[in-house]
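Order of the sequence lines sets the chain letters (A, B, ...), proteins ahead of strands, with each chain counted from 1.
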Protein chains: 2
Amino acid sequence: MEIKNKQQGIMIVADVLDIVGGKWRGQILAHLCDDPKRFNELKTVLNKITSSTLTKELRYLEDIKMVERKIIQDKPIVIEYKLTDHGMSIKDLIVHIVEWGQKHRDSVFKKDE
Amino acid sequence: MEIKNKQQGIMIVADVLDIVGGKWRGQILAHLCDDPKRFNELKTVLNKITSSTLTKELRYLEDIKMVERKIIQDKPIVIEYKLTDHGMSIKDLIVHIVEWGQKHRDSVFKKDE
DNA sequence: AACACAAGTAGTTTTTAAGATACTTAATGC
DNA sequence: GCATTAAGTATCTTAAAAACTACTTGTGTT
């Protein structure tokens with residue numbers, strides 16, 4: 001499939017990159033592709049993110065219906081974050097991103113030499 | 001293909017999003033997928049980008065060998081920016097991004113209601 | 001009762017990205 | 001010789017993203 005309607009296509013590129021871009025959003029989504037995770041699990045696995053940043057990013061992803069906050073137990077309260085059905089669709093895209101990155105890591109990710 | 005080696009995979013997600021992320025980089029690459037373009041052509045088509053920002057982004061994309069600056073004529077000097085052979089490989093990824101965006105635009109891009 | 005853990009919130013500061021504005025250099029057309 | 005276009009550079013300001021530090025609330029643990 002080709003990119004039809006150039007102008008519209010390019011606007012969509014920017015829109016999608018809004019969702020997945022930034023320092024953390026893509027990583028959060030990638031981690032949630034594997035399985036649902038609790039707040040502090042995400043915090044641990046996303047090395048160095050702060051609580052306030054993680055909260056902000058999760059709220060954003062909830063707002064756009066990519067991620068769902070689910071109370072899975074109260075007393076003591078346990079909350080998990082998972083991709084919505086719709087959010088699951090991002091998995092394929094993330095696979096494509098990783099594939100491209102793996103193929104091209106040598107040419108692109110070298111800072112030295 | 002699955003995402004093997006979770007930790008590495010997620011680092012790669014972040015790396016790739018560095019390349020393609022930000023307000024302009026994805027759009028510049030998307031436009032260059034179609035055909036090479038001159039500085040002012042890019043400036044026109046990327047509505048509202050400033051010269052200094054465009055210069056900065058192009059230099060970055062040159063540094064990572066995604067884009068090539070080519071003098072195609074002197075007197076008067078004419079320069080064009082084109083994807084390198086390697087840079088062309090991003091086209092497929094952009095197609096995937098656009099496809100995802102098109103499928104999910106209704107659920108994701110609505111701000112109202 | 002004191003402490004720890006989970007899941008945050010609140011306020012401030014720092015860093016980074018992007019924008020605004022103005023200038024430059026070389027050539028070309030009028 | 002003056003204006004215009006192409007392809008930028010230089011400097012400063014603003015805005016947005018992320019980080020830093022500290023605090024909170026509920027619960028359970030010893």
Nucleotide [N], atom [atom2] - distance to [atom1] of [X] in whole Å:
X: A/Y60; N: D/dA18; atom1: OH; atom2: C1'; answer: 16 Å
X: A/D74; N: C/dA7; atom1: CG; atom2: C1'; answer: 14 Å
X: B/I49; N: D/dA7; atom1: CD1; atom2: P; answer: 15 Å
X: A/L58; N: C/dG8; atom1: CG; atom2: C1'; answer: 11 Å
X: B/R59; N: D/dG8; atom1: CZ; atom2: C1'; answer: 8 Å
X: A/L42; N: C/dG8; atom1: CG; atom2: C1'; answer: 13 Å
X: B/L54; N: D/dA7; atom1: CG; atom2: P; answer: 11 Å
X: A/K75; N: C/dA7; atom1: NZ; atom2: C1'; answer: 17 Å

Using a heavy-atom cut-off of 4.0 Å across all strands, would you classify [X] as base, sugar-phosphate, or nothing?
X: B/Q73; value: nothing
X: B/K48; value: nothing
X: A/E57; value: sugar-phosphate
X: A/K56; value: base

For this session: Kindly give the heavy-atom pair with the smallest separation between A/A30 and B/V13, and that separation in Å.
Result: CB-CG2, 4.3 Å

Exercise. Taking all atoms of both residues into account, what is the closest heavy-atom pair of B/L32 and B/Y81, and its distance?
Worked result: CD2-O, 3.5 Å

For this session: Please state whether the base of C/dA20 and the side chain of B/S52 form at least one donor-acceptor pair under 3.5 Å?
Result: yes

Exercise. Between the main-chain N or O of A/R59 and the side-chain N or O of A/R69, is there a donor-acceptor pair closer than 3.5 Å?
Worked result: no

Exercise. Are the side chain of A/K37 and the backbone of A/H31 linked by a donor-acceptor contact shorter than 3.5 Å?
Worked result: yes

Exercise. Under a single-linkage definition using a 4.5 Å side-chain heavy-atom cutoff for Ile, Leu, Val, Met, Phe, Trp and Tyr, are B/V45 and B/V78 assigned to the same hydrophobic cluster?
Worked result: no

For this session: Name the residue closer to the 5' end of DNA chain D, choosing between B/T55 and A/T50 according to the nucleotide with the nearest heavy atom.
Result: B/T55

For this session: Nearest-nucleotide wise, let me know which of A/R25 and A/I77 is further upstream toward the 5' end of DNA chain D.
Result: A/R25

Problem set entry | Nucleotide nearest B/I79 when distance is taken to its side chain, options C/dA18, D/dA18, D/dG8 | D/dG8

Problem set entry | Per B/P76 side chain, nearest of listed nucleotides C/dT28, D/dA18, C/dG19 | C/dT28

For this session: Before accepting this row, confirm whether a basic side-chain N of the pair B/K70/B/E80 lies closer than 4.0 Å to the acidic partner's carboxylate O.
Result: no

Reckon [X] has a side-chain N or O less than 4.0 Å from the OP1 or OP2 of [N]?
X: B/K23; N: C/dG19; result: yes
X: A/R38; N: C/dC5; result: no
X: A/Y81; N: C/dG8; result: yes
X: B/R69; N: D/dG8; result: yes

